[in-house]
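Encoded as structure tokens, the structure appears first; notes follow it.
For reference, positions follow the sequence shown, starting with 1.
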Amino acid sequence: MGIATLMRYAIVGAGLILAAASVWFYAVRKMTPDLAVAWCLLGAAMTGVGVIPGLSGWLGLLPPWADAVLLCVGGACLLGAFRTCLLLSRLITQNQELAMMVSLLMAEDREEGAESAERRLIDEESAVCH
């Protein structure tokens with residue numbers, strides 16, 4: 001078994017792990033649906049590249065040391081991008097929650113303002129009548 005075959009197995013494994021991780025993080029509400037779908041598609045594409053020999057034929061053209069470097073750098077970049085997307089998803093969720101809270105506070109303030117205006121109107125009418 002050559003280094004190109006090992007690289008193909010590594011690409012397939014990374015693609016499957018990426019797709020499974022994105023589904024799991026979406027299920028536990030740590031990733032937004034659109035980002036989860038994008039990562040699943042990327043994982044499926046990686047799996048396809050590893051499984052279909054025509055798409056992974058370029059691995060045999062690289063020197064053995066380049067395969068290891070490509071695997072390490074690619075894995076680090078994927079991990080960093082995935083963690084960044086998790087952080088982005090958390091910020092999006094917090095922003096939505098904050099917008100809902102502000103909306104509720106503004107509605108409450110409008111209700112209190114309407115009640116105080118109504119009280120002032122009643123007070124003015126009472127003062128005029130007496």
- Apart from Val37 itself, what residues make up its hydrophobic cluster, given side-chain heavy atom links below 4.5 Å? Leu41
- Item | Members sharing Leu79's hydrophobic cluster (side chains within less than 4.5 Å) |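 Result for Leu79 is none, singleton.
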Could you report the tightest heavy-atom contact between [X] and [Y], atom names first, then the distance?
X	Y	result
Trp39	Leu18	CE3-CD1, 3.5 Å
Leu35	Ser89	CD1-OG, 3.2 Å
Leu71	Ala10	CD1-CB, 3.8 Å

Atom [atom1] in [X], atom [atom2] in [Y]: separation rounded to 0.5 Å?
X	Y	atom1	atom2	result
Leu104	Asp109	CG	CG	12.5 Å
Asn95	Met100	CG	CE	10.5 Å
Cys85	Phe25	SG	CZ	11.5 Å
Leu91	Gln96	CG	CD	11.5 Å
Asp67	Met7	CG	CE	5.0 Å

With a 4.5 Å heavy-atom cut-off, do [X] and [Y] have their side chains touching?
X	Y	answer
Trp24	Met31	no
Val49	Val12	no
Leu78	Leu42	yes

Are [X] and [Y] connected, step by step, through hydrophobic side chains (Ile, Leu, Val, Met, Phe, Trp, Tyr) whose heavy atoms are closer than 4.5 Å?
X	Y	result
Val69	Ile3	no
Met46	Trp58	yes
Val28	Leu88	yes
Leu59	Tyr9	no
Ile11	Leu62	yes

Backbone N/O of [Y] and side chain of [X]: donor-acceptor pair under 3.5 Å:
X	Y	value
Ser56	Arg8	no
Thr47	Gly43	yes
Arg90	Lys30	no

- Query: What's the verdict on side-chain contact (heavy atoms from CB on, under 4.5 Å) for Ser22 and Phe82, showing C-alpha distance, side-chain angles and the deciding distance?
  - Reply: CA-CA 9 Å; Ser22 65; Phe82 195 81; 4.2 Å; yes
